[in-house]
Each structure stands twice: as structure tokens, then as C-alpha cells.
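To keep things clear, I will list the structure first and then write my remarks on it.
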Amino acid sequence: MVGAAEEKELKRLETQVENGGGGAWDYLCLVRKLKGRCSHNVLKFGLPILKDPNTRSKLGSDEWTLYEQVAIAAMDCQQLDVAKDCLKSLRKKFPESTRVARLECMLLEAKGSWAEAENAYARLLEDNPLDQAIHKRKVAIAKAQGNISSAIECLNKYLEIFMADHDAWRELADIYVSLQMYKQAAFCYEELILSQPTVPLYHLAYAEASGLFIVGLVLYTLGGLENLQMAKKYYASTIDLTGGKNTRALFGICLCSVAIGQLTKGRNKDEKEASELPSLAAAALMKEYKERAPDKLPLLSSTMKSMKLIS
Amino acid sequence: MAEDLVLDGAIRDWVLIPLSVVMVLIGVLRYFVSKLMRSSQLPDAKILKEGQVIIRARNLRAAANFIPAKSFRARRAYYSNEENGLLHVPKGQTQNAQAQMFSDPNMAMDMMKKNLSMIIPQTLTFAWVNFFFSGFVAAKIPFPLTQRFRSMLQNGIDLSTVDVSYVSSRSWYFLNLFGLRGLFSLILGEENATDDTARMMQMGGFGFDPSKSLSAEKDSLDIVQHEWALPKFEQRAEAVLKKFVS
């Protein structure tokens with residue numbers, strides 16, 4: 001997760017390097033620290049450093065980290081020759097390293113020779129059956145081949161041991177959402193909320209997963225109502241955590257409250273919560289749209305009117 | 001009377017400096033020897049998993065109020081039920097850590113290696129210093145000290161009349177032994193293996209028993225009161241939005 005300040009810094013460094021202001025190494029370090037995926041830039045800025053023996057030797061032992069970084073970026077950009085050259089120098093320096101072997105397997109992956117890559121990973125796993133990165137690569141291979149069910153299987157097996165790895169939980173949640181298995185996804189998001197309770201995005205995603213689960217499957221049942229109310233609460237917490245800046249959560253509140261209103265129509269009126277939240281959310285949305293996208297404002301206001309959230 | 005004890009320049013050239021140089025060299029040598037002897041041990045899947053379970057259970061305990069009651073109860077049952085909960089340790093399996101240590105020759109071997117690489121060079125150098133340099137007053141520190149420092153600085157000299165700011169050769173050896181750590185981290189990089197104190201700490205924590213922390217975690221999970229925090233958030237969100245809109 002990239003913070004706003006760090007992203008700004010990254011952008012600043014990027015423009016600085018592009019205009020010939022130097023600082024390429026700082027940029028690369030920041031990308032590495034933030035685990036960003038700016039492969040084109042990494043390749044563009046990193047390769048000149050590696051090609052010039054003078055600047056390269058100035059890095060000291062960081063040289064090899066840069067080789068690795070550039071190699072991965074090159075694979076991402078399908079510049080396999082560059083990646084191969086980088087790996088060759090790495091292999092020369094570290095002839096028996098598992099880390100380099102892993103990179104070589106990734107090169108196989110980048111070429112698209114899945115079976116070979118899988119075999120190579122299996123061999124590496126024999127030496128060290130608990131290598132997290134290799135397990136994750138296996139999931140990536142399965143996903144790249146479109147074999148989602150085996151990716152899920154791999155991830156589940158991985159999470160059985162490394163169950164505190166929230167990145168893996170997030171990946172699993174994403175996969176489940178893409179398969180519309182919202183109940184399972186909701187479980188994963190619960191796990192993510194547990195590990196990082198202050199990240200609003202997880203609350204948002206959880207609200208969506210549990211809300212969608214209901215909308216998609218068992219709308220108009222009592223269970224549905226309960227889940228919708230839950231989703232609304234999580235949207236509310238997202239709003240609280242983001243200070244009302246999250247448009248998606250605002251829309252979510254509106255939709256949930258309308259759906260809840262429909263479900264509870266004709267039932268006991270006392271149950272209805274006398275909450276201002278939906279109308280407030282609608283007002284916040286109107287304000288946001290007025291500032292940022294005035295041309296879409298009529299669209300929004302007509303929608304909101306049809307939901308009876310604004311008059 | 002001992003104020004102007006004159007130290008021969010030869011003592012500096014033949015005792016003080018050689019002693020320091022030898023200590024540094026031995027430290028470097030020991031670093032490389034222990035690097036050679038170090039066997040990269042693979043972590044055991046079971047221990048790893050137990051650690052991860054503990055982290056996850058701790059997360060659950062800390063953030064329990066952020067998930068609905070139903071989810072919390074399901075998770076708690078998953079962790080701590082009596083049949084196959086993750087945190088439940090069957091009675092017979094609580095292996096004594098000591099017994100486990102002795103049953104695994106690798107573990108004992110590792111410990112011995114660590115011990116050997118630490119003790120042997122120390123005894124040897126100490127014997128060497130004792131044999132060649134005992135009884136020298138090797139240096140003088142430029143500030144006065146109280147009597148209590150006598151045993152630290154004048155080890156090997158049994159004279160109560162000598163001023164405390166003089167350092168005997170054997171004490172110089174001890175000062176070097178413990179004081180060169182900063183220098184080593186400069187020469188050998190940050191995580192060098194010559195850090196004696198850290199290693200001693202490690203030895204103390206050796207008999208760590210994961211099943212104990214598992215059951216401790218289970219107990220504390222059992223007494224967690226779940227109180228869903230989200231209903232409160234609705235009011236807070238309302239307040240936030242009111243501020244935002246106005």
C-alpha cells in the first residue's frame with residue numbers, strides 16, 4: 001500500500017530523473033521500498049546505471065540488488081535479452097544461490113514455458129520446502145495460465161502454513177471476488193481487517209463482498225437484511241477512516257439504505273433506524289460532484305432523487 | 001607517591017599495541033571460522049506454523065471488535081476447540097523442550113559449535129596473555145577513578161597503592177574483549193557473529209517451548225469479550241459527514 005506522500009515523492013523523483021536531474025538511484029530505491037510496479041521506468045533508469053561500469057561500481061554491493069531489480073523489470077516488459085544478461089552476471093557472482101535460481105525460473109515463466117518453470121520450482125522446493133516466494137510463484141503460474149481453481153488450491157495450501165501472510169489473503173480474496181464467491185471472499189477480508197484494522201480499503205472491500213453476496217444470491221430474505229445492515233456499517237467505518245473522501249463508500253451507503261428500506265417496507269415501522277447517514281452521504285456526494293465533475297451533477301441528482309435521498 | 005609512575009615506551013610498543021592488534025585479528029578470525037561452521041538450518045514446518053498461528057490468533061484478539069460477532073465466534077472455535085483447534089495442544093504431546101533438545105543430535109551439535117567457537121579462542125588468548133604479559137602496567141587512563149574500579153582495571157596486580165587510573169595488561173585484555181564490538185561491526189558489517197553478549201542472550205532463550213505460548217494464547221483468546229465496534233462507527237461516520245458537508 002502506497003501512502004499519498006510517498007507516491008508524491010515517487011512522482012517528483014520520476015520527473016526529476018526524466019528531465020535529466022539525476023537521482024535515478026534514489027528513485028529505484030524508493031520503488032523497491034514501496035514494492036511498486038513501475039517496470040518501464042525501472043528499466044529505463046536502471047539499465048544505464050548497469051551499463052556504465054563507473055556508476056555501477058559506485059553502488060558497491062547494492063549493484064547486485066539493482067541487477068535483480070532490473071532483471072525482474074525487464075521480464076515484466078518482455079525484454080528477455082536484457083533479463084538474460086542480468087541473470088548471467090548474477091549467476092557469475094553467486095553460482096549457487098537459490099535466489100538467482102528463482103530468477104531464472106521467473107525467466108522461464110516470462111517466456112511462457114510454464115511446464116518447465118513449474119518443474120524448476122518443484123526442484124527448488126525439494127531443497128527448501130518452505131520457500132515462501134516459490135510457493136507464491138506457483139500461484140502466479142496457475143493464475144497466468146488461467147487455471148484459477150488450481151491457484152486457489154495452491155494459495156489455500158500456502159495459507160495453511162503461512163497463515164499470517166496478509167498479502168496472500170488479499171490475493172485469495174481478489175480471486176474469490178473475481179469468481180463471485182463472495183462468501184469466501186468475505187472471510188478473507190475479515191482476515192485482512194483483523195490483521196490491519198485501520199486500512200479503510202479492507203473495510204470497503206468487505207462491505208462490498210458481504211453486500212454483493214446478498215444482492216447476488218439471497219436477496220429478500222431475513223439473512224439478506226442482516227448482511228445489508230452489516231455492509232452499511234462497514235461502509236460507515238470506511239467513511240470514518242477516510243474522512244468522507246471515499247466516493248465508493250458514499251454510494252455504498254446510499255444503495256444499502258435504499259435496499260434496506262425496500263426490505264423493511266411494510267414491516268414494523270419502529271425497527272426503521274432514524275438515521276441521517278444516507279441523506280448526509282447523498283449530500284456529501286453532491287458536494288463532491290459539484291467540485292470535481294460538474295457536468296455529471298444532473299445525472300447524480302436525478303439518481304439520488306429517484307432514491308428519495310435528496311429532495 | 002604513585003602519581004608519577006613512568007611507563008616505558010617499550011611497554012606501549014610491545015604490550016599495549018600487540019595485545020590490541022591480536023585481539024582484533026582473533027575477532028576477525030573467529031568471525032570467519034564461525035561463518036564456515038555455521039550450518040544453515042532449515043526451519044521446521046511445524047514450528048513455523050505454530051508461530052504463524054500465534055500471530056494470527058493475536059491479531060484476532062487485538063482486532064476482534066472489528067468483525068461481526070458471528071465471524072468472531074467461528075474463528076474462536078476454529079482456534080480453540082478441544083478436539084482439533086489450532087491452538088489446542090494435546091496433553092501427551094507437550095514434549096519437554098529439554099528432552100527434545102537431546103533427542104535431536106543436530107541441535108546439540110549446533111550448540112556445541114557455537115560454544116566451541118566462543119570458548120576456545122577466549123581461553124587460548126587468555127592463557128597467552130597471562131603467560132606473556134602478566135604483571136605489566138600497560139596503560140594509564142587520563143582521568144582519575146574511584147577505588148571500586150580497581151578490580152576492573154588492575155586485574156593481576158595486587159598492589160593497593162597504585163593509582164586506579166593505571167591499567168594492567170590483563171585488564172587491558174578484558175577491556176578489548178568487550179569493547180571491540182563497535183570496531184568489529186565497522187570492519188565486518190553490522191550483523192557479525194562475534195557479538196558475545198547477543199549470543200549469550202540467544203543461549204538463554206534456547207529452551208523456548210512453543211506449546212506453552214500456544215496454550216497461553218488460547219487462554220487469553222478464551223476470555224476475550226467480543227463487542228462489535230461497528231455500530232459506533234455509524235454515528236462517527238455521521239459526524240464526519242456532517243462536518244464534510246457543512
Side-chain angles (χ1 to χ4, degrees), chain A residues 61 127-132 159-166 169 186-187 189-198 202-203 206-207 210 226-227 229-245 249-250 253 273 275-288, chain B residues 40-76 78-79 84-87 188-190 214 217 221 224 226 228-246:
Chain A
S61 59
D127 290 339
N128 181 8
L130 293 172
D131 194 321
Q132 297 194 27
L159 280 170
E160 215 161 88
I161 298 179
F162 302 99
M163 49 176 68
D165 183 344
H166 53 255
W169 281 110
F187 181 89
Y189 283 122
E190 278 168 12
E191 208 55 55
L192 283 168
I193 290 175
L194 284 178
S195 62
Q196 291 168 317
T198 51
Y202 296 157
H203 287 245
Y206 181 52
S210 51
E226 195 184 302
N227 272 293
Q229 273 165 347
M230 194 171 92
K232 193 176 153 203
K233 288 193 175 69
Y234 278 93
Y235 280 127
S237 77
T238 312
I239 289 175
D240 183 37
L241 289 169
T242 54
K245 295 259 161 51
L250 292 173
I253 289 270
E273 298 158 65
S275 163
E276 289 178 79
L277 196 56
S279 52
L280 275 172
L285 271 176
M286 294 293 283
K287 189 183 166 198
E288 193 109 313
Chain B
S40 69
Q41 80 192 110
L42 292 175
D44 184 29
K46 191 167 159 267
I47 293 175
L48 202 73
K49 191 179 167 184
E50 274 167 357
Q52 297 265 322
V53 168
I54 289 176
I55 296 177
R56 200 173 155 205
R58 204 167 288 160
N59 282 341
L60 174 63
R61 201 152 45 89
N65 294 343
F66 284 93
I67 62 170
K70 210 164 81 189
S71 314
F72 174 73
R73 278 199 301 271
R75 277 186 172 72
R76 178 152 73 183
Y78 176 57
Y79 286 128
N84 54 0
L86 285 180
L87 290 172
L188 303 173
E190 278 302 316
L214 276 184
E217 196 57 44
L221 193 60
V224 168
H226 182 264
W228 200 22
L230 267 292
K232 256 183 265 158
F233 271 88
E234 255 178 305
Q235 275 115 46
R236 277 168 67 175
E238 241 174 76
V240 166
L241 282 182
K242 254 182 208 155
K243 219 157 100 199
F244 185 69
V245 170
S246 61

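Throughout, protein chains are lettered first and strands after them, A, B, ... in sequence-line order, and every chain is numbered starting at 1.
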Heavy-atom cut-off 4.5 Å, strictly under: side chain, backbone, both or neither for [X] against chain B?
X	value
A:A281	both
A:F187	both
A:I253	neither
A:Q196	neither

**Request:** Specify the closest pair of heavy atoms between B:H226 and B:P68, including all atoms of both residues, with the distance to one decimal.
**Result:** CE1-C, 3.8 Å
**Fill in**
What one should report as the nearest heavy-atom pair of A:W169 and A:M163 is NE1-O, 3.0 Å
**Prompt:** chain B: which of A:L250, A:T238, A:I161 shares the most heavy-atom pairs with it under 4.5 Å?
**Reply:** A:I161
**Fill in**
Ranking A:H166, A:K287, A:E190, A:E288 by heavy-atom pairs under 4.5 Å to chain B gives rank one to A:E190
**Item:** By side chain to side chain contact (heavy atoms under 4.5 Å, CB included) - contacts of B:A237 (at least two apart)
**Value:** A:A236, A:I239, A:L277
**Prompt:** With sequence neighbours left out, what residues match B:A62 under side chain to side chain contact (heavy atoms under 4.5 Å, CB included)?
**Reply:** none
**Prompt:** Any side-chain heavy atom of B:F72 within less than 4.5 Å of one from B:L60?
**Reply:** yes
**Prompt:** Is B:L214 close to B:E217 at the side-chain level, that is, under 4.5 Å between some pair of heavy atoms?
**Reply:** no
**Prompt:** Heavy-atom distance under 4.5 Å to chain A: side chain of B:R75, backbone, both or neither?
**Reply:** side chain
